[in-house]
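Reading through the structure tokens given below for one structure.
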Amino acid sequence: MALEAIQTVTQAEAKAKADREAAAAQVKQKLADAQREAKQTVEQVRQQAREEVRGMMAEAEAKAAQLTQEELERARADCEALKQNARGRLEQAAQLIVGRVVER
């Protein structure tokens with residue numbers, strides 16, 4: 001009877017040791033899986049952020065190009081107005097110069 005009790009205890013201890021080792025291995029595996037998933041998640045978020053930044057930069061560049069084009073159009077219109085104004089005064093300037101030259 002004592003021998004059976006010793007064998008039962010020995011078997012129980014062996015089973016408990018095997019269960020602890022299996023649990024430890026399972027915990028290690030779960031930790032490794034969680035770390036791998038975390039790294040994948042971080043990389044996905046980084047990639048999404050890079051894509052979002054690229055989109056924002058493209059949008060900003062397009063807006064800047066549009067504003068530049070609008071400013072150039074305004075400058076062209078201002079230059080054209082100045083030219084027209086100058087052409088309108090050209091005749092008066094020529095008459096003034098001729099008048100001063102003739103008076104001398």
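These numbers were taken from a predicted model, which means no experiment stands behind them.
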Exercise for review: Any chance you could measure L72, atom CG, to L67, atom CG, to the nearest 0.5 Å?
Suggested key: 11.0 Å
Practice item. Calculate, to the nearest 0.5 Å, the distance between atoms CD and OG1 belonging to Q7 and T10 respectively. Key: 7.5 Å
Exercise for review: With rounding to the nearest 0.5 Å, note down the distance linking CG in L90 to CD in Q92.
Suggested key: 10.0 Å
Point to revise | Among Q66, E71, E73, the one residue meeting side-chain contact (heavy atoms from CB on, under 4.5 Å) with Q69 | key: E73
Check your understanding: Once you round to the nearest 0.5 Å, how far does NZ of K15 lie from OG1 of T8?
Key -> 14.0 Å
**Study point:** Test: D78 and R74 ion pair at under 4.0 Å
**Key:** no
Check your understanding: Is it true that atom CZ of R54 has more than 12 heavy atoms of other residues, nucleotides or ligands lying nearer than 6.0 Å?
Key -> yes
Practice item. Among M57, R50, E51, find the residue that satisfies the side-chain contact (heavy atoms from CB on, under 4.5 Å) test when tested with V53. Key: M57
**Study point:** Distance in Å, Q47 CD paired with Q40 CD, rounded so as to fall on 0.5 Å steps
**Key:** 14.0 Å
Check your understanding: So does E59 have more than 12 non-hydrogen atoms from other groups sitting under 6.0 Å from CD?
Key -> no
Review point. How about E80 and Q84: does a side-chain donor come under 3.5 Å of a side-chain acceptor?
Key: yes
Exercise for review: Could you walk me through whether Q26 and K30 pass side-chain contact (heavy atoms from CB on, under 4.5 Å), step by step?
Suggested key: CA-CA 6 Å; Q26 191 176 23; K30 285 184 178 182; 4.2 Å; yes
